[in-house]
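The structure under discussion appears below in the form of structure tokens.
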Amino acid sequence: METMSTITSRRSIRSYTGESISDSDLQTVLKAANAAPVGMGKYENAHLTVIQDPELLREIEASAAEALGRPGASIFYGAPTYIAVSAKPYGDALGNIDYANTGIIVHSMALAATDLGVGSCYIWGGTMALVANPALVARLNLPEGFVPCGGIVLGVSDETYAPREIPQRIGTDYVG
Ligand SMILES: Cc1cc2nc3c(=O)[nH]c(=O)nc-3n(C[C@H](O)[C@H](O)[C@H](O)COP(=O)(O)O)c2cc1C
């Protein structure tokens with residue numbers, strides 16, 4: 001796809017067949033994560049965890065359902081892969097730059113998924129579930145000092161991508 005076509009085709013997919021994506025597609029998505037810009041080029045402050053164990057996925061979903069007060073909520077929509085993006089905080093002077101990094105890493109993966117025809121959705125609920133449950137975070141075996149900051153589900157979907165009309169929906173001023 002051309003770049004703007006990929007950008008306008010991307011949307012949140014919330015229906016999955018349950019079938020896993022190919023390893024080749026997964027590797028392409030991970031390459032896109034590594035192509036994302038990060039503040040000060042500190043790639044060592046970001047970490048990806050590919051979670052495909054159905055039991056662990058269900059446990060994260062159960063934790064999210066509890067945190068959200070929505071019993072039975074299926075926050076991953078049946079997607080068989082969740083990639084948690086974790087970050088090592090840079091320190092107070094740089095504020096929430098780790099969350100800025102995480103957002104762009106996730107979006108880079110979403111665009112690659114769109115280009116491949118792989119379903120994807122940014123899932124904040126997964127991060128909520130993890131931070132609310134240190135025992136689950138421990139299961140990720142994150143390097144010392146890393147905290148889950150975001151994540152994306154990936155999977156095969158019957159839904160398809162096509163370029164969309166994008167209205168101006170973000171308030172924009174021209175100053176000066
Ligand atoms: C930071 C962030 C967190 C999000 N968390 C969730 C989520 O937990 N569950 C969900 O279904 N969608 C989630 N979304 C998807 C948004 O709802 C979606 O991107 C937005 O409504 C625009 O729709 P589109 O992605 O189809 O263009 C999230 C998106 C972002 C950027």
Side-chain angles (χ1 to χ4, degrees), residues 1-18 21 29 32-33 35-39 45-52 54 56-87 89-90 94-133 136-137 140 146-172:
M1 282 189 195
E2 297 298 321
T3 304
M4 278 311 289
S5 174
T6 306
I7 288 171
T8 61
S9 296
R10 186 219 54 81
R11 62 192 176 88
S12 295
I13 300 293
R14 299 189 174 91
S15 164
Y16 295 89
T17 65
I21 65 170
V29 168
V38 306
N45 280 32
H47 190 84
L48 304 173
T49 309
V50 180
I51 305 171
Q52 296 185 299
L56 181 53
L57 292 171
R58 294 299 81 79
E59 285 182 51
I60 297 171
E61 285 199 313
S63 175
E66 197 178 323
L68 291 164
R70 282 168 41 206
S74 172
I75 63 155
F76 293 150
Y77 306 111
T81 301
Y82 173 66
I83 302 180
V85 182
S86 301
Y90 284 42
L94 290 163
N96 293 325
I97 195 169
D98 38 337
Y99 282 91
N101 289 339
T102 298
I104 203 156
I105 290 168
V106 170
H107 192 56
S108 193
M109 291 194 279
L111 291 176
T114 304
D115 190 55
L116 294 164
V118 164
S120 77
C121 187
Y122 197 138
I123 304 286
W124 180 250
T127 308
M128 274 182 62
L130 288 166
V131 297
N133 192 333
L136 275 181
V137 177
L140 305 188
F146 279 75
V147 183
C149 291
I152 185 172
V153 286
L154 300 169
V156 175
S157 175
D158 289 332
E159 297 190 26
T160 54
Y161 293 111
R164 300 185 286 174
E165 279 303 313
I166 307 290
Q168 186 182 323
R169 48 190 179 177
I170 299 177
T172 306

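For the numbers below, each heavy atom of this structure counts, side chains included, while hydrogens, waters and symmetry mates do not. Order of appearance sets the numbers: ligands from 1, and atoms from 1 within every ligand.
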Exercise for review: Output yes when a protein non-hydrogen atom is found under 4.0 Å of atom 4 (C) of ligand 1, and no otherwise.
Suggested key: yes
**Study point:** atom 20 (C) of ligand 1 touched by protein heavy atom at under 4.0 Å
**Key:** no
**Study point:** Arg70 atom CZ, over 12 foreign heavy atoms within 6.0 Å
**Key:** no
[X] (side chain) donor-acceptor with [Y] (main chain) under 3.5 angstrom:
X      : Y     : value
Arg164 : Arg10 : yes
Ser63  : Glu59 : no
Tyr99  : Ala87 : no

Which residue and non-hydrogen atom of the protein lie closest to [atom], and at what distance in Å?
atom                    : result
atom 25 (O) of ligand 1 : Ser12 OG, 2.6 Å
atom 12 (N) of ligand 1 : Arg14 NH2, 3.1 Å
atom 29 (C) of ligand 1 : Tyr122 CB, 3.7 Å

Revision key, fill the gap. Min over Tyr99, Tyr77, Trp124 of heavy-atom distance to atom 7 (C) of ligand 1 lands on Trp124
Which ligand 1 atoms are under 4.0 Å away from a heavy-atom of [X]?
X      : value
Cys121 : 10 (C), 11 (O), 12 (N)
Ile123 : 5 (N), 6 (C), 7 (C), 8 (O), 9 (N)
Arg164 : 26 (O), 27 (O)

Exercise for review: Examine ligand 1 and decide if any of its atoms is less than 4.0 Å from a heavy atom belonging to Arg10.
Suggested key: yes
Check your understanding: Out of curiosity, is Met128 lining ligand 1, as in a heavy atom under 4.0 Å away?
Key -> no
Point to revise | ring-ring contact (aromatic ring centres under 6.0 Å, His included) evaluation trace for Tyr82 with Phe76 | key: CA-CA 8 Å; Tyr82 173 66; Phe76 293 150; 4.6 Å; yes
Point to revise | Result of checking Ile105, Asn45, Ile97 against Val38 for side-chain contact (heavy atoms from CB on, under 4.5 Å) | key: Ile105
Exercise for review: Answer yes when Arg14 and Glu159 have at least one side-chain N-carboxylate O distance shorter than 4.0 Å, and no when they do not.
Suggested key: no
**Study point:** Contacts of type ring pair (Phe, Tyr, Trp, His ring centres under 6.0 Å), residue His47, not counting sequence neighbours
**Key:** Phe146
Check your understanding: Gly125 to ligand 1: N or O pair under 3.5 Å?
Key -> yes
